[in-house]
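Read through the structure below, which is laid out as structure tokens, and then see the notes.
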Amino acid sequence: MELIFATNNKHKLSEIRNVIGDNYKIIGLSEAGIEGDIPEDYNTLEENAFQKANFIYEKYGGNCFADDTGLEVDALDGRPGVYSARYSRMGDIQFPELEANKGNIKKLLIELDTKELRTARFRTVIALILNERKYLFEGIVNGIILKQPSGSGGFGYDPVFQALGYKKSFAEMDIEQKNSISHRAIATRKLVEFLKTCTM
Ligand code: ITT
């Protein structure tokens, strides 16, 4: 089965391919010849994931899915959450001069500087459009925000996120290790289980 994955993030594409296995051909946007940003205008991960999947489905047709992910930090009342990508480009503290991931981490560490509570979670929502029907799959991993970045793997907030029960940040893990516990891998495994029931 072929599915378009409506993302411009090549790290997400590798992670999902690694989990999903060889029975499904996952086509990234650049391979599908689709250029440019996909809109994400809503205030929930669920709505944004559907908006991304819908955008591609309506423009190009074909079965497709999208992932929207947020880092929900308890001491920040769940922020940056759905705004995780734009975090360092909004609010009182901004780092427009820094590459987004660097700025996001810098802002997060500043905002948590005086806080004892470091607990957080990554939450991924995958929206699937298959034969004109819509489905949602969720994956959550709980952890803490480290006091400083550690590791060079992964992407986004990975250098400052340590999953509960582990001593390494996500950026210190290889892709297989991160995929054995991550939010995206949990949501992707639910997607795969569902797809199996459709193709039997
Ligand atoms: P697409 O919308 O094209 O899929 P994106 O990178 O904009 O790609 P999101 O909106 O889902 O993806 O990501 C929100 C933010 O969370 C963004 O800053 C990402 O770098 C970060 N993020 C997403 N998944 C992550 C992960 O597994 N580990 C660390 N950070 C992640």
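Atoms within each ligand, like the ligands themselves, are counted from 1 in listed order.
Residue contact annotation: Tyr157 has a non-hydrogen atom under 4.0 Å from ligand 1. Heavy-atom separations between Arg86 and ligand 1 are all 4.0 Å or longer.
Counting protein heavy atoms only, atom 16 (O) of ligand 1 is closest to Ser84 CB, 3.8 Å. Summary of contacts: the protein heavy atom closest to atom 18 (O) of ligand 1 is Ala85 CA, 3.3 Å. Of all protein heavy atoms, the one closest to atom 24 (N) of ligand 1 is Arg184 NH2, 2.7 Å. Lys52 NZ, 2.7 Å is the protein heavy atom nearest to atom 2 (O) of ligand 1. Protein heavy atom nearest atom 4 (O) of ligand 1, with residue, atom name and distance: Thr7 OG1, 2.6 Å.
Under a 4.0 Å criterion applied to the non-hydrogen atoms of Asn9, ligand 1 contributes the atoms 3 (O), 6 (O), 8 (O). The ligand atoms of ligand 1 that sit less than 4.0 angstrom from a heavy atom of Lys178 are 26 (C), 27 (O), 28 (N). For ligand 1, the atoms lying closer than 4.0 Å to a non-hydrogen atom of Asn8 are 3 (O). Contact atoms of ligand 1 toward Asp68: 9 (P), 10 (O), 11 (O) (distance under 4.0 Å to a heavy atom of the residue).
Of the candidates His11, Glu40, Lys12, Lys12 brings a heavy atom nearest to atom 9 (P) of ligand 1. With distances taken over non-hydrogen atoms, the option nearest atom 23 (C) of ligand 1 out of Thr69, Leu71, Asp158 is Thr69.
When atom types are taken as modelled, the side chain of Arg123 and the backbone of Ile140 share no donor-acceptor pair closer than 3.5 angstrom. Using a distance-only test at 3.5 Å, with no hydrogens or angles considered, a donor-acceptor pair links the side chain of Asn179 to the main chain of Glu15.
Summarising the geometry of Leu146 relative to Arg118, their closest heavy-atom pair is O-NH2, 2.9 Å, with the distance given to 0.1 Å. A pairwise comparison of heavy atoms in Tyr24 and Val192 identifies OH-O, 4.2 Å as the closest pair.
Using a 4.5 Å heavy-atom cutoff, the side chains of Ile110 and Phe95 are in contact.
Taking 4.0 Å as the cut-off between side-chain N and carboxylate O, Glu172 and Lys167 do not count as a salt-bridged pair. With salt bridges taken as basic N to acidic carboxylate O contacts below 4.0 Å, one links Asp74 and Arg121. Of the charged side-chain nitrogens involved, at least one lies within less than 4.0 Å of a carboxylate oxygen, so that Glu31 and Arg17 count as a salt-bridged pair. Between Asp67 and Lys52, no side-chain nitrogen of the basic residue sits less than 4.0 Å from a carboxylate oxygen of the acidic one, so the salt-bridge criterion is not met.
Counting heavy atoms under 4.0 Å from ligand 1, residue Thr124 does not touch it at all. The proximity of His183 to ligand 1, defined as any non-hydrogen pair under 4.0 Å, is limited to the side chain. With a 4.0 Å heavy-atom cut-off, ligand 1 is reached by the backbone of Phe155 and by its side chain too.
Cation-pi geometry between Lys107 and Tyr87 is met: the NZ or CZ atom falls under 6.0 Å from the ring centre, inside 45° of the normal.
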